[in-house]
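Only one structure is covered here, and it is reproduced in the block below.
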Amino acid sequence: MEKTIFSQLETTALFAGLTANAIERQLEKLPYSIRKVPAKTVFLSANEPLREMVMVLEGRVSAKMTTPKGKCLMVDLLKPGTILAPAFVFSDDNRMPVEVEAVEESVFFSMSKSHFSMLIGRNEQVRANFLDILSHINFFLMNKIRMLHTASVKEKIAAFLLRRVRGVHSRSVVLHLSRKQLADVFAIQKSSLIRTLNELERDNLIFVREKEIVLIDVPGLQKIVKG
């Protein structure tokens, strides 16, 4: 079990550049915990204090917030290796900006702030990796704001699909979300999502299955994103 954990951590951005054996040595005297959370369970509520460094180790996790008008907005779908709200780990105001819920059964790796501070203090590679993670947050937020407020529905969906297949040798996007949850990602109505998917399919850009979308014309989707 422990060896499996270190092998999983080896593939994360936080421990990039370290082998499983090296990670095991680094964590040998630092307490950490592994927690399994059932599907559709809220792991952290919005405004709840973030008292430790938490990373998704297995499964898929949603980060959602409620707008002033009461609309649910999915900010992100967190994959294994993602740290929950990394900029809030050492913040004086450490209240969670989003609600974190397990979309499917998920496993979390966590470590107290004091022990995480010791880890990044004594390991230069982990410290550099954590700073790199923090530096990408503004880029992510700027793209998210642009997508939500300036992009058309078709641009939002095309950009999402292209992002999901980037870096993998497949043109198939497996959907772990319901149509309603996917609509929340784009801050649109479910009917708008279905209508736009049908339009993209009619234009021979994608092929939609129940839980999968196949990208037929990647250049065509890129053209939509570029406007």
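Annotation: side chain of Arg60 is not in contact with side chain of Leu78 (no heavy-atom distance under 4.5 Å). By the 4.5 Å heavy-atom criterion applied to side chains, Leu27 and Leu9 are counted as neighbours. Residues Phe15 and Val126 have side chains in contact (heavy-atom distance under 4.5 Å, counting atoms from C-beta outward). Taking the side chain as every heavy atom from C-beta outward, Met55 and Leu84 never approach each other to under 4.5 Å. With a 4.5 Å cut-off on side-chain heavy atoms, Met118 and Asn123 do not count as touching. Between Val107 and Ile34, the closest side-chain pair of non-hydrogen atoms falls below 4.5 Å. Contact check for Thr19 versus Asn21: side-chain heavy atoms found under the 4.5 Å cut-off. Side-chain contact between Lys79 and Val56 is absent, with no heavy-atom pair separated by less than 4.5 Å.
Counting only distance, with no hydrogens or angles, the side chain of Asn129 and the backbone of Leu14 share a donor-acceptor pair below 3.5 Å. Side chain of Glu99 to backbone of Met65: no donor-acceptor contact under 3.5 angstrom is found. A donor-acceptor pair under 3.5 Å is formed between the side chain of Ser106 and the backbone N or O of Glu104. Glu155 places a side-chain N or O within donor-acceptor distance of the main-chain N or O of Ser152, the cut-off being under 3.5 Å. Thr41 contributes no side-chain N or O that, together with a main-chain N or O of Val37, makes up a donor-acceptor pair within less than 3.5 Å. Not a single donor-acceptor pair under 3.5 Å links the side chain of Ser45 to the backbone N or O of Glu48. Not one N or O on the side chain of Ser91 forms a donor-acceptor pair closer than 3.5 Å with the backbone of Phe88. Judged by distance alone, the side chain of Asn198 and the main-chain N or O of Ile194 form a donor-acceptor pair under 3.5 Å.
No more than 12 heavy atoms of other residues, nucleotides or ligands shown are found within 6.0 angstrom of CZ on Arg51. Counting non-hydrogen atoms of other residues, nucleotides and ligands closer than 6.0 Å to NZ of Lys211 gives a total above 12. The number of heavy-atom neighbours closer than 6.0 Å to NZ of Lys113, taken from other residues, nucleotides and ligands shown, is above 12. A 6.0 Å sphere centred on CD of Glu199 holds more than 12 heavy atoms belonging to other residues, nucleotides or ligands.
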Can you check salt bridge (charged side-chain N to carboxylate O under 4.0 Å, His left out) on Glu212 and Arg164, steps first, answer last?
CA-CA 12 Å; Glu212 181 184 25; Arg164 291 293 298 273; over 6 Å; no

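Between Glu101 and Lys64 there is a salt bridge, since at least one side-chain N of the basic residue sits less than 4.0 Å from a carboxylate O of the acidic one. Note on Arg35 versus Glu52: salt bridge recorded, some NZ/NE/NH1/NH2 to OD/OE distance being below 4.0 Å.
The shortest non-hydrogen separation linking Pro86 to Ile133 is CG-CG2, 4.0 Å.
Linking ILVMFWY side-chain heavy atoms closer than 4.5 Å, directly or via other members, places Met96 and Leu134 in a single hydrophobic cluster. Hydrophobic clustering of Ile, Leu, Val, Met, Phe, Trp and Tyr side chains at less than 4.5 Å, counting indirect connections, keeps Val214 apart from Ile206. Tracing side-chain contacts under 4.5 Å through hydrophobic residues (I, L, V, M, F, W, Y), one reaches Tyr32 starting from Phe116; they form part of the same cluster. Cluster annotation: Ile216 is not connected to Leu161 through the hydrophobic network of ILVMFWY side chains, with a link wherever side-chain heavy atoms come within less than 4.5 Å. Two different hydrophobic clusters hold Val42 and Val103 under the rule that ILVMFWY side chains link at heavy-atom gaps under 4.5 Å.
Phe130 contributes atom CZ, which lies 14.5 Å from atom CD of Gln125 (distance to the nearest 0.5 angstrom). Annotation: the span from Phe90 atom CZ to Leu50 atom CG amounts to 10.0 Å, rounded to 0.5 Å. In this structure, Leu57 CG and Ile5 CD1 are separated by 7.0 Å, a value rounded to the nearest 0.5 Å. Rounding to the nearest 0.5 Å gives a distance of 7.0 Å between OG of Ser178 and NZ of Lys190. Put simply, CZ on Arg195 and NZ on Lys154 are 10.5 Å apart, with the number rounded to the nearest 0.5 Å. Interatomic distance, Leu200 CG to Ile213 CD1, rounded to the nearest 0.5 Å: 8.5 Å.
Note: Phe160 and Phe186 have perpendicular aromatic rings, judged against thresholds of 30 and 60 degrees for the angle between ring planes.
Screening Leu177, Leu77, Ile188 for a side-chain contact (heavy atoms from CB on, under 4.5 Å) involving Leu182 leaves a single residue, Leu177.
For the side chain to side chain donor-acceptor pair (under 3.5 Å) test, residues two or more places apart in sequence or in another chain that qualify with Asp93 are Arg95.
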